[in-house]
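Before any comments, here is the structure.
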Amino acid sequence: MTKILYCRDAGFDCDATVRGESTQEILDQVRPHAAHAHHVEVDEPMAKQLEGLIVEA
Ligand SMILES: [Zn+2]
C-alpha cells in the first residue's frame, strides 16, 4: 500500500506530492521539501498535522 501526501493539502500553493510506504518514509521526504521549497521547518506539531493528511493510494 502506497501512502501519499499532497503538499497542497498542507496549505501550500504547491503541486508536489510525496509518496512512501510508511508515514515515516513520507515525513523523511517532506522535511527537505518543506525546507527547500517553502522555507518551513517541520517540527513535531506540524509532523503530527501532516500525518493526518496522508492518504492511501
Ligand atoms: Zn510543497
Side-chain angles (χ1 to χ4, degrees):
M1 189 74 80
T2 302
K3 295 172 183 292
I4 300 182
L5 174 65
Y6 295 93
C7 196
R8 187 174 296 279
D9 287 348
F12 296 110
D13 184 15
C14 175
D15 288 323
T17 58
V18 178
R19 291 161 192 268
E21 295 299 314
S22 68
T23 298
Q24 191 56 53
E25 207 176 300
I26 288 183
L27 289 177
D28 286 348
Q29 296 175 70
V30 161
R31 287 177 202 278
H33 171 76
H36 293 133
H38 307 300
H39 306 289
V40 167
E41 186 186 343
V42 179
D43 55 11
E44 278 313 303
M46 188 170 179
K48 284 271 175 276
Q49 185 189 345
L50 293 173
E51 277 183 40
L53 298 173
I54 293 171
V55 295
E56 304 279 348

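In listed order, ligands and their atoms are each counted from 1.
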Inspect the surroundings of CZ in F12 and state if more than 12 heavy atoms from other residues, nucleotides or ligands are less than 6.0 Å away.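 Correct, the count exceeds 12.
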If you take all heavy atoms of G20 and E25, which pair is closest and at what distance?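 Shortest heavy-atom separation between G20 and E25 comes out as CA-OE2, 3.6 Å.
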Please find the pair of heavy atoms, one from H33 and one from C14, that lie closest to each other, and give the distance.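 The answer is NE2-SG, 3.6 Å.
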Under the salt bridge (Lys or Arg N to Asp or Glu O under 4.0 Å) rule, collect the residues that match up with E21, sequence neighbours excluded.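 So E21 forms no salt bridge (Lys or Arg N to Asp or Glu O under 4.0 Å) with any residue.
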Suppose we screen for salt bridge (Lys or Arg N to Asp or Glu O under 4.0 Å). Which residues come up paired with D15, at least two apart in sequence or across chains?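 Applying salt bridge (Lys or Arg N to Asp or Glu O under 4.0 Å) to D15 gives R8.
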Neighbouring protein N, O or S atoms of the Zn ion (ligand 1), below 2.8 Å: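 If we list every protein N, O or S atom nearer than 2.8 Å to the Zn ion (ligand 1), we get 4.
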Output a table of donor-acceptor pairs, distance under 3.5 Å, between side-chain atoms of residues 41-57 and any protein atom two or more places apart or on a different chain; print 'none' if there are none.
{"unit_1": "D43", "atom_1": "OD1", "unit_2": "M46", "atom_2": "N", "d": "3.0"}
{"unit_1": "E56", "atom_1": "OE2", "unit_2": "K3", "atom_2": "NZ", "d": "2.9"}

